[in-house]
Colleague: 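Here it is: the structure, laid out below.
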Amino acid sequence: MAVEGAFWHPARLRVVLACLAMANLAMSAAILWALHGPGGSGTLMDFSALWAAGRMAALGEASAAYDVAAITAVQSEALGRAYEREMAWLYPPFLQLGLVPFGLMPMLAAQALWTMLTLAAYLTVCWRVLPDWGAVLAGLAPATVVMLAVNGQTGFLLAAFAGLAMAGFVRGMRGQGGLHLGLLAMKPQVALFLPLPFLMRGPWLALAVAAGTVTALVALATAVFGAGVWWGFLDGIGIGARDLERPDILSNQATVRAALLIAGAGPDLAWVAQVSLALVALTILIRWRGLPAEALAALAIYAGIAATPRVMDYDLTILVIGGLFQARRIMAAGGPGWEKAVMAVVLLLPLGDLLSGMPLNWMAAPVLMLTLLFGERVRARSVAAQSGRATGPSAG
C-alpha cells in the first residue's frame with residue numbers, strides 16, 4: 001500500500017479542515033448579519049418557503065401552499081412588502097407536518113432554530129459515521145455549509161438521513177436504516193440509488209421498513225390535511241419541472257445537464273448526456289456491488305447524485321457523508337495519497353463554483369465515484385501482492 005506523505009498526516013489534515021470550517025462559519029455569520037442585522041437588506045431566502053408552508057398548514061391551508069400566488073402572499077406579509085422572488089413549495093405534504101411548529105414562530109427565529117437543529121443533526125451523524133473530530137470538521141468544510149446556513153434549505157437534514165440510512169446498511173442489522181431511508185422520500189431525487197445496496201445485499205427488512213415509513217407518512221398527511229393536498233402536490237411537481245429551465249434555478253443546479261445548458265448546448269444534447277451519465281453510474285453501482293460495505297455505501301451516494309437530473313448545489317452536502325464512509329474504508333485498508341488529495345479538492349469545488357461563476361459542482365459526484373473505484377483497485381492489488389508474498393516459496 002502506498003505510504004502516506006507527510007501532508008496527509010491526520011493532525012495536519014485537521015488543521016486544514018478547521019481553517020475551512022471557521023472560514024465558512026465566519027462567512028455565514030457575515031452574510032446573515034448583512035441580510036438581517038441593523039440596516040440589513042431584510043431579503044428573505046429559501047427558508048421563507050418552508051416557513052410559509054408550515055404556517056399555511058398550521059392555519060388549515062396546507063393545499064394552498066402549492067399555489068405560488070398564495071404562498072408568495074404569505075411571504076410578502078412576513079416581509080412587510082412585496083416579495084420579489086418566486087419561491088414555490090415543492091416538497092411532499094408530510095414535510096409540512098414537521099414544519100408546523102416553525103410556521104407558528106416569527107420567521108427569522110424559526111430559520112435560526114431550523115438551521116441550528118438540522119446542522120446539529122448533520123454533524124452528529126458525521127461523528128456517528130466516523131467517530132473523529134476530523135469528521136465534524138470535514139462536515140463544515142465545503143462551501144455548501146454557507147449556502148445552507150444562509151438559505152435555510154433542507155440539505156443538512158437530508159445528509160443526516162442519508163448517513164443514518166447507510167450506517168444501517170453497513171451494520172447489516174435487520175431493519176436498521178429503513179426508517180431514515182423512508183424519510184428521504186421528502187426529497188427522493190437526492191437519494192436516488194440508496195435503496196439499491198439494501199436490495200442487492202440486504203438487509204431486505206430495511207426496505208420493508210422504508211416502505212412502511214413512507215406509507216405511514218402519506219396516511220398521516222392525508223388524515224391531517226385531506227386527500228386534496230396531494231392534487232396540490234402534483235401541481236407543485238409540474239411547477240418544479242417547468243422551473244428546471246429558469247436561469248436563476250439552472251445556475252444553482254449541480255448536474256451535467258445544467259452545465260451543458262449554461263454552456264450553450266441544446267436541450268436534447270443536455271438530456272442525452274444526463275441520461276448517459278445516469279446509466280453509467282447505475283451500471284457501475286451494480287457491477288461493483290461486491291465492494292466492502294463502507295465503499296458500497298459511499299458509491300451509492302456518489303452514483304445517485306451523479307445520476308439525478310435535479311440536484312441543487314446546496315444538496316451536495318450529502319457527498320460529505322459518502323466521503324466519510326470512504327474515509328472509513330481508507331482507514332481500515334489504507335489508500336494512496338492521491339485518493340485523499342482528490343477528496344480534498346472536491347471539498348473545494350463548491351467554493352470554486354461560487355468564485356468563478358463556472359458550473360463546476362456537477363463534477364463532484366462523478367469525480368468522487370471514480371476516485372473510490374481506482375482506490376479500491378489499488379487496495380485489491382495490495383491485498384493480492386501481500387497474499388502472494390505470504391504463499392510464496394520459503395527460502396532455504
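All residue numbers refer to positions in the sequence shown, counting from 1. We use all heavy atoms of the structure for the numbers below, so side chains are in, but hydrogens, waters and symmetry mates are not.
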Colleague: Enter the distance from E77:CD to T72:OG1 here, rounded to the nearest 0.5 Å.
Modeller: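 That separation rounds to 13.0 Å.
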Colleague: Taking atom CG of L260 and atom CG of D268, what is their separation to the nearest 0.5 Å?
Modeller: 12.0 Å
Colleague: Are any side-chain N or O atoms of D353 and backbone N or O atoms of N361, one a donor and one an acceptor, separated by less than 3.5 Å?
Modeller: yes
Colleague: Which atoms form the tightest heavy-atom contact between P188 and A185, and what is the distance?
Modeller: CD-O, 3.2 Å
Colleague: side-chain contact (heavy atoms from CB on, under 4.5 Å), that's the test. Do F325 and L130 meet it? Break it down for me.
Modeller: CA-CA 7 Å; F325 280 112; L130 182 61; over 6 Å; no
Colleague: Would you say the side chain of R310 lies within less than 4.5 Å of the side chain of L90, judging by non-hydrogen atoms?
Modeller: yes
Colleague: Which pairs would a plain distance check flag for residues 133-140, meaning a side-chain donor or acceptor within less than 3.5 Å of a matching protein atom at least two apart in sequence or in another chain?
Modeller:
none

Colleague: Is there a donor-acceptor contact under 3.5 Å from the side chain of T308 to the main chain of G304?
Modeller: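 Absent.
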Colleague: Does a side-chain heavy-atom distance below 4.5 Å link L17 with L347?
Modeller: yes
Colleague: How far apart are the closest heavy atoms of A295 and E376, and which atoms are they?
Modeller: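 Closest approach of A295 to E376, heavy atoms only: CB-OE2, 3.7 Å.
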Colleague: Do F161 and L97 share a hydrophobic cluster (ILVMFWY, side-chain heavy atoms under 4.5 Å, transitive)?
Modeller: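 Linked, F161 and L97 end up in one cluster.
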Colleague: Does any part of the side chain of L285, heavy atoms only, come nearer than 4.5 Å to the side chain of M369, both counted from C-beta?
Modeller: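 The answer is no, as the side chains (C-beta and beyond) never meet within the 4.5 Å cut-off.
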Colleague: In terms of ring plane angle, is the pair Y122 and F156 parallel, tilted or perpendicular, where the classes change at 30° and 60°?
Modeller: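 Judged by the thresholds at 30° and 60°, the geometry between Y122 and F156 is parallel.
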Colleague: How long is the gap from CG on L95 to CE on M186, to the nearest 0.5 Å?
Modeller: 4.5 Å
Colleague: Are side-chain heavy atoms of P142 and T317 found at a separation under 4.5 Å?
Modeller: no
Colleague: When you group the ILVMFWY residues by side-chain heavy-atom contacts below 4.5 Å and let the links chain together, are M358 and V346 in the same group?
Modeller: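 Yes; tracing contacts between hydrophobic side chains, which count when under 4.5 Å, links both residues.
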Colleague: Rest of the hydrophobic cluster containing M173 (Ile/Leu/Val/Met/Phe/Trp/Tyr, side-chain heavy atoms under 4.5 Å)?
Modeller: none
Colleague: List, by chain and number, the other hydrophobic cluster members for L269, where Ile, Leu, Val, Met, Phe, Trp and Tyr join if side-chain heavy atoms come within less than 4.5 Å, directly or indirectly.
Modeller: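 Joined to L269, directly or through intermediates: none.
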Colleague: Mark yes or no for whether R328, through its side chain, and V129, through its backbone, hold a donor-acceptor pair below 3.5 Å.
Modeller: yes
Colleague: Would you say L316 ends up clustered with L351 if hydrophobic residues are merged whenever their side chains have heavy atoms under 4.5 Å apart, either directly or through other cluster members?
Modeller: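 No.
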Colleague: Output a table of donor-acceptor pairs, distance under 3.5 Å, between side-chain atoms of residues 209-216 and any protein atom two or more places apart or on a different chain; print 'none' if there are none.
Modeller:
from	atom 1	to	atom 2	distance (Å)
T213	OG1	V209	O	2.8
T215	OG1	A211	O	2.8

Colleague: Apart from L279 itself, what residues make up its hydrophobic cluster, given side-chain heavy atom links below 4.5 Å?
Modeller: V275
Colleague: Is it true that F102 and W51 have ring centroids separated by less than 6.0 Å?
Modeller: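 No; W51 has its ring centre 6.0 Å or more from that of F102.
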Colleague: Would a distance-only check, ignoring hydrogens and angles, find a side-chain to backbone donor-acceptor pair under 3.5 Å from Y302 to G322?
Modeller: yes
Colleague: Any heavy-atom pair between the side chains of R329 and P292 that's under 4.5 Å?
Modeller: yes
Colleague: What heavy-atom pair brings M363 and P366 nearest, and what distance separates the two atoms?
Modeller: O-CD, 3.3 Å
Colleague: After noting the C-alpha distance and the side-chain angles of L196 and R289, does the key distance pass the side-chain contact (heavy atoms from CB on, under 4.5 Å) rule?
Modeller: CA-CA 9 Å; L196 291 181; R289 63 186 179 275; over 6 Å; no
Colleague: Which pairs count as salt bridge (Lys or Arg N to Asp or Glu O under 4.0 Å) when at least one residue sits in residues 188-199, sequence neighbours excluded?
Modeller: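 Passing the test, one end in residues 188-199: no pairs.
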Colleague: I'd like to know whether L194 forms a side-chain contact (heavy atoms from CB on, under 4.5 Å) with M166, so could you lay out the CA-CA distance, the side-chain angles of the two residues, the decisive distance to 0.1 Å, and finally the verdict.
Modeller: CA-CA 8 Å; L194 293 194; M166 299 319 290; 3.9 Å; yes
Colleague: How are the rings of F233 and Y66 set to each other: parallel, tilted or perpendicular (split at 30° and 60°)?
Modeller: perpendicular
Colleague: Determine whether L250 and R257 satisfy the following criterion, side-chain contact (heavy atoms from CB on, under 4.5 Å), listing intermediate values before the conclusion.
Modeller: CA-CA 9 Å; L250 196 65; R257 171 186 170 276; 4.1 Å; yes
Colleague: Could you note down all residue pairs passing salt bridge (Lys or Arg N to Asp or Glu O under 4.0 Å) where residues 162-188 supplies at least one of them, sequence neighbours left out?
Modeller: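 For residues 162-188: K187-D315.
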Colleague: Quick one, V311 and Q189 - any side-chain contact, counting heavy atoms below 4.5 Å?
Modeller: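 A side-chain contact under 4.5 Å is absent here.
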Colleague: Under the side chain to side chain contact (heavy atoms under 4.5 Å, CB included) test, which residues partner L348, sequence neighbours left out?
Modeller: L20
Colleague: If you look at every heavy atom in Q75 and S48, which pair is closest and at what distance?
Modeller: NE2-OG, 3.0 Å
Colleague: As an exercise, state the distance from CG of L157 to CG of L117, rounded to the nearest 0.5 Å.
Modeller: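 Those atoms lie 10.0 Å apart.
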Colleague: Quick one: are Q253 and D313 in side-chain contact, heavy atoms under 4.5 Å?
Modeller: no
Colleague: Are W288 and M200 in one and the same hydrophobic cluster, where Ile, Leu, Val, Met, Phe, Trp and Tyr link if side-chain heavy atoms are under 4.5 Å apart?
Modeller: yes
Colleague: Which residues satisfy the side chain to side chain contact (heavy atoms under 4.5 Å, CB included) test with A307, sequence neighbours excluded?
Modeller: L192, F193, A278, A281
Colleague: Test of understanding: clusters of I, L, V, M, F, W, Y form through side-chain heavy atoms closer than 4.5 Å, transitively. Do L220 and W230 belong to the same one?
Modeller: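 Same hydrophobic cluster.
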Colleague: State which residues pass side-chain hydrogen bond (donor to acceptor under 3.5 Å, both in side chains) with E339; sequence neighbours excluded, sorted by chain then number.
Modeller: Q326, R379
Colleague: What's the spacing between L299 CG and E294 CD if we round to 0.5 Å?
Modeller: 13.0 Å
Colleague: Taking all non-hydrogen atoms of both residues into account, name the closest pair between I71 and A52 and its distance.
Modeller: CG1-CB, 3.6 Å
Colleague: To the nearest 0.5 Å, tell me how far I286 CD1 sits from L199 CG.
Modeller: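 One gets 9.0 Å once the value is rounded to the nearest 0.5 Å.
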Colleague: When clusters are formed from ILVMFWY side-chain contacts under 4.5 Å, directly or step by step, what else is grouped with V15?
Modeller: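 The other cluster members (ILVMFWY side chains, heavy atoms under 4.5 Å, direct or chained): none.
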Colleague: Do you know which two heavy atoms are closest between A143 and L354, and how far apart they sit?
Modeller: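 Looking at all heavy atoms of both residues, the closest pair is CB-CD1, 4.2 Å.
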Colleague: Hey, does I321 have a side-chain heavy atom less than 4.5 Å from the side chain of I301?
Modeller: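 The answer is yes, as the side chains (C-beta and beyond) meet within the 4.5 Å cut-off.
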Colleague: Just say parallel, tilted or perpendicular for the rings of W89 and Y91, cut-offs at 30° and 60°.
Modeller: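 Answer is tilted, since the angle falls between 30° and 60°.
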Colleague: Scan residues 122-133 for pairs that pass salt bridge (Lys or Arg N to Asp or Glu O under 4.0 Å), counting only residues two or more places apart or in two chains.
Modeller: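 Listed once each, the pairs are R14-D132.
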Colleague: Describe, in one word, how the ring planes of W114 and F47 are oriented to each other, choosing from parallel (under 30°), tilted (30 to 60°) and perpendicular (over 60°).
Modeller: tilted
Colleague: Any donor-acceptor pair under 3.5 Å linking the side-chain atoms of S63 with those of W231?
Modeller: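 Short answer, no.
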Colleague: With L158 as reference, evaluate V190, T118, I318 under the side-chain contact (heavy atoms from CB on, under 4.5 Å) test and give the passing residue.
Modeller: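 The residue from V190, T118, I318 that satisfies side-chain contact (heavy atoms from CB on, under 4.5 Å) with L158 turns out to be V190.
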